[in-house]
Amino acid sequence: MRHFIDICDFDKKELNKIIQNAKRIKKNPKKYYQICQSKTLGMIFQKESTRTRASFNIGFNKLGGHSIELNADSIGFGKRESYTDIIKTLSQYIDILIIRNDDHNIIKKLGSLNVLPIINGLSDLSHPCQILSDFLTINEKLGDIKNQKICWIGDYNNVLRSLIELQNLYKFKLNIVIPKEILKKNETQIIKKRNKNLMITNHISEGIKFANCVMTDTWVSMGEKSTKKKYFKNYQVNSDIMKKASKNAIFMHCLPAHRDEEVSSELLDSKNSVVWQQAQNRMFVQQAIILDLL
Ligand code: CP
Ligand code: NVA
């Protein structure tokens, strides 16, 4: 049984196949209208979500399947009954489950039961669906990912961890710009992932030079304390900062954005910003992930 829990669980050949399929679905959605007929997707969100919830639900319906969201409180997920007993029960009715959870280990444990395919819809540790669909967006906007120079400015978080895993596979240039206080807290983990194309700095000017793609995300992820915001006050991505990157560099953000915090409102709405295409591609890539697992 296969699961989609982390980018690092896959090799390039497998990920390329998912991306190629996502492109096919995007180009010719009608061909896939019945491919998941009589299949059911379960969805459990223990944290807020707009894009992941909507794109999985609508995406699966467009494949001819049926989806059901099980409200974690209503089913007493891990409270009324153990996580594992709930998953074993659900596997009697549903074919595949996407779960968003605060504890990555729970998602891994549910996967290891091998009673139904599990998709990680974001955990404290990673956000593989986001980064795989960003791979498609980069490919559409800029071409082969191996030739890109991506600059991440912001927190060391779930989205960045998945991006680093993608970089470790495809070896594109990745410059990570993070405040030194955040770096200090995560140094040992980050250093382990270093390679000749992965650079870490706390100077925006150093990291953004020659970048043709600039990415950021919220300074405070769901479930974290807002006290860390103070470290980021000089790390907003805006049009002035984008001038230091390559000409016509694209701006990416997984959303939700906190306008005029990590990104200025004018940059988010500018022609450099590809955030709506990013949101759109979530659906096609997730449809391809589902087809790969089923
Ligand atoms: N980018 C993303 O996963 O958005 P949601 O949190 O709204 O699902
Ligand atoms: N890092 C963010 C991503 C949201 C999609 C969070 O975990 O809140």
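Only heavy atoms go into these numbers, but all of them, side chains included; no hydrogens, no water, no symmetry mates. Indexing begins at 1, ligand by ligand and atom by atom, following the structure's order.
- In terms of protein heavy-atom proximity, atom 4 (O) of ligand 1 is closest to Arg51 NE, 2.8 Å.
- Of all protein heavy atoms, the one lying nearest to atom 8 (O) of ligand 2 is Met222 N, 2.8 Å.
- Of the protein's non-hydrogen atoms, the one nearest atom 3 (C) of ligand 2 is Asp217 OD2, 3.6 Å.
- The closest protein non-hydrogen atom to atom 7 (O) of ligand 2 is Asn158 ND2, 2.8 Å.
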Give every donor-acceptor pair under 3.5 Å between a side-chain atom in residues 29-44 and any protein atom, sequence neighbours left out.
none

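- Between the side chains of Thr137 and Asn281, at least one donor N or O sits under 3.5 Å from an acceptor N or O.
- Ion pairing of Arg2 with Glu14 is present here, as a side-chain N (NZ or NE/NH1/NH2) and a carboxylate O approach within less than 4.0 Å.
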Check residues 200-210 and write down every donor-acceptor pair under 3.5 Å in which the side-chain atom is one partner and the other belongs to a residue at least two apart or another chain.
residue : atom : partner : partner atom : Å
Thr201  : OG1  : His203  : N            : 2.9
Thr201  : OG1  : Glu206  : OE1          : 2.8

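- The protein heavy-atom contact nearest to atom 2 (C) of ligand 1 is Arg282 NH1, 3.3 Å.
- Any N or O atom pair closer than 3.5 Å counts here, and Pro256 shares no such pair with ligand 1.
- Of the options Asp95, Ile96, Ile18, a side-chain contact (heavy atoms from CB on, under 4.5 Å) to Leu293 is made by Ile96 and by none of the others.
- Between Ser221 and ligand 2, an N or O atom pair is found at a separation short of 3.5 Å.
- Atom CZ in Phe135 sits 6.0 Å away from atom CG in Leu166 (nearest 0.5 Å).
- Of the protein's non-hydrogen atoms, the one nearest atom 4 (C) of ligand 2 is Leu122 CD1, 3.8 Å.
- At a 4.0 Å heavy-atom cut-off, ligand 1 does not touch Leu122 at all.
- Note on ligand 2: Leu255 sits in its first shell, one or more heavy atoms being nearer than 4.0 Å.
- Distance from atom 6 (O) of ligand 1 to its nearest protein heavy atom, with residue and atom name: Arg100 NH1, 2.8 Å.
- Side chain of Ser82 to main chain of Asp85: a donor-acceptor pair is present (N/O by atom type, distance under 3.5 Å, no hydrogens or angles).
- For His127, the closest heavy-atom approach to ligand 1 falls below 4.0 Å.
- Nearest protein heavy-atom contact of atom 7 (O) of ligand 1 is Thr50 N, 2.6 Å.
- The shortest N/O to N/O separation between Val159 and ligand 2 does not fall below 3.5 Å.
- Asn71 places a side-chain N or O within 3.5 Å of a backbone atom of Ser74 that can act as its donor or acceptor partner.
- Glu262 contributes no side-chain N or O that, together with a main-chain N or O of Thr216, makes up a donor-acceptor pair within less than 3.5 Å.
- In summary, Lys26 and Glu140 engage in a salt bridge, as defined by a charged side-chain N under 4.0 Å from a carboxylate O.
- The side chain of Thr218, and not its backbone, has at least one atom closer than 4.0 Å to an atom of ligand 2 (non-hydrogen atoms only; side chain from C-beta on).
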